[in-house]
2 protein chains.
Amino acid sequence: MPAIERLPKRQRHQQLSKLIEENPFITDRELTRLLKVSIQTIRLDRLELAIPELRERLKLMAERSYDSVRSLPLHEVIGDIVDLQLDRSGISMFEIMHEHVFSRTGIARGHHVFAQANSLAVAVIDDEIALTATADIRFIRSVKLGEKCIAKAYVRSISGEKSKAKVEVFTYVGEEMVFQGNFVIYRSAGEHIGEGGIERADRY
Amino acid sequence: MPAIERLPKRQRHQQLSKLIEENPFITDRELTRLLKVSIQTIRLDRLELAIPELRERLKLMAERSYDSVRSLPLHEVIGDIVDLQLDRSGISMFEIMHEHVFSRTGIARGHHVFAQANSLAVAVIDDEIALTATADIRFIRSVKLGEKCIAKAYVRSISGEKSKAKVEVFTYVGEEMVFQGNFVIYRSAGEHIGEGGIERADRY
DNA sequence: TACTAATTTAGTACCAGGTTATAATAGCTG
DNA sequence: CAGCTATTATAACCTGGTACTAAATTAGTA
């Protein structure tokens, strides 16, 4: 009998770490439901594992993000934004790592290059809600492992006073242009605060 | 007397906003010291200005930074391929999870939807090396958390016997089309492509 | 000047999501 | 059985608030 359930605690610790890692926004109470143990056990576990409480975790995350680049939309972006003039232009940098390439050829998958450009096109639009409507893109040459992509976005028109903006993005490696795209971005235009609300939007 | 300090409240509101903006980690209690008013006044002010409490601010910051960490895929193909007829058509499925959406709105980031379609367009081309050359895409409606995207790709032409193929991709949620794209995919056509393309389909 | 309205302060009850500490219980194990 | 670990329970307390009520202060004006 004993041997069978010899290490339920270590297993639980592992599970607990994993759960918190993949959702740092989880409360102890929610963990009790998932792990089927009392809240005291959860707390003992966190103590042993030196995992701080929810609020500390959020604070740490907030601090980390605050340090790097202070400004809002920068963190919802793929690549590092190095310059941003809202409604005008922006520049971001993105280094192709091995997780971005096809392993046999070392050539970057198109959607990563696209993602950098798309993120930048959205970020450069100064609006509460900005979503890509359409895009017309060209992959001019392949990008390889280790190369640094510099994407430059230019807002070409704010389309009347309405809901669309055109953004052109050029991505370079060194002097060479590797990608070009024309994006049409929807912007919130009116008010609309309803959905997202302010406080506890998601995950509860 | 009155005229001199005509708008102390508005001034204070401005100061308050500024203080919180430049240090979102500040508590109401600390603000009372800086602004020399009672904590109730601070709270009334925040209420009027719709500035959330410290913990909510930190949570929002944490969410923003969390989004960026969960950036893109890293995997071979985005979505699960459920049917594939090389050089003809393919179907893949991709469920929008919380790591794919803007946490504020629950709306999927465009590049994930694109990535699914792009992956499928590349996968459906039966060639050693297949890379996206150009794409013309339309996001027809926004996709939300929890929705399952079914992408269907059709190879429209194999362009002579040479280096390009046209692939059309439609993505649906239920009956509804949410995305449509026309891809031009470079294929190896015997030789390597030199500057040409971007991706290759490994592993198949 | 007296009345009125806005503003500010005070006080209380309550909440989430914990910490800390102390004790009781369960389950084996030697 | 004593002794150990693991688990659960209980209670007091903490921070940084919200929500609400009420009083006090400060203008502003009839």
Side-chain angles (χ1 to χ4, degrees), chain A residues 1-63 65-66 193 196-204, chain B residues 1-63 66 103:
Chain A
M1 268 147 262
I4 296 175
E5 291 289 333
R6 191 40 266 156
L7 59 165
K9 189 176 175 180
R10 288 189 197 286
Q11 279 180 351
R12 194 185 55 235
H13 277 190
Q14 280 213 321
Q15 271 213 287
L16 185 87
S17 302
K18 200 177 130 202
L19 283 167
I20 291 178
E21 189 176 356
E22 61 192 33
N23 176 18
F25 300 84
I26 198 168
T27 64
D28 287 357
R29 194 157 303 278
E30 291 175 280
L31 287 166
T32 64
R33 294 209 323 274
L34 298 176
L35 297 178
K36 311 279 187 192
V37 290
S38 75
I39 202 162
Q40 289 79 0
T41 302
I42 298 290
R43 285 167 179 171
L44 274 175
D45 287 354
R46 275 199 300 99
L47 202 67
E48 288 185 55
L49 295 169
I51 297 173
E53 64 166 287
L54 169 63
R55 286 160 175 171
E56 285 303 316
R57 295 196 300 267
L58 298 189
K59 194 177 166 188
L60 283 172
M61 293 175 71
E63 276 169 353
S65 77
Y66 194 63
I193 302 184
I198 295 214
E199 345 282 288
R200 34 197 71 241
D202 316 346
R203 46 178 90 72
Y204 286 128
Chain B
M1 264 151 265
I4 295 174
E5 291 289 335
R6 190 43 266 154
L7 59 163
K9 189 175 176 181
R10 287 188 198 289
Q11 278 180 351
R12 194 185 58 234
H13 278 190
Q14 280 212 322
Q15 272 213 288
L16 185 87
S17 302
K18 201 177 129 201
L19 283 167
I20 290 179
E21 189 176 355
E22 61 194 33
N23 176 16
F25 299 86
I26 199 168
T27 64
D28 287 357
R29 196 158 302 279
E30 291 175 281
L31 287 165
T32 65
R33 295 210 322 277
L34 298 177
L35 297 178
K36 311 283 187 187
V37 290
S38 75
I39 202 162
Q40 288 80 0
T41 302
I42 298 289
R43 286 166 179 172
L44 273 176
D45 286 354
R46 274 199 301 97
L47 201 68
E48 287 185 56
L49 295 169
I51 297 172
E53 65 167 287
L54 170 63
R55 286 159 176 171
E56 285 302 322
R57 294 196 301 266
L58 297 188
K59 192 177 165 193
L60 284 172
M61 293 175 71
E63 277 172 352
Y66 192 59
S103 54

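Hydrogens, waters and symmetry mates are skipped; everything else that's a heavy atom, side chains included, is used. Chain A is the first sequence line, chain B the second, and so forth, proteins listed ahead of strands; every chain is numbered from 1.
Listed for the B/Arg55 side chain is no donor-acceptor partner under 3.5 Å among the backbone atoms of A/Arg55. For the pair A/Arg46 (side chain) and A/Asp28 (backbone), a donor-acceptor distance under 3.5 Å is absent.
Minimum heavy-atom separation, A/Val37 to A/Thr32: O-CB, 3.3 Å.
Between the side chains of A/Ser17 and A/Gln14, not a single donor N or O lies within less than 3.5 Å of an accepting N or O.
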Output, in order, the C-alpha distance, side-chain angles, deciding distance and verdict of side-chain contact (heavy atoms from CB on, under 4.5 Å) for B/Leu19 and B/Leu35. CA-CA 10 Å; B/Leu19 283 167; B/Leu35 297 178; 3.9 Å; yes

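In this structure, A/Lys59 atom NZ and C/dG17 atom P are separated by 18 Å, rounded to whole Å. Per the geometry, CZ belonging to B/Arg10 stands 16 Å off P belonging to D/dA27, to the nearest Å.
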Base-contact (B) and sugar-phosphate-only (S) positions in nucleotides 7-18 of chain D, heavy-atom cut-off under 4.0 Å, - elsewhere: BBBB----BBBB

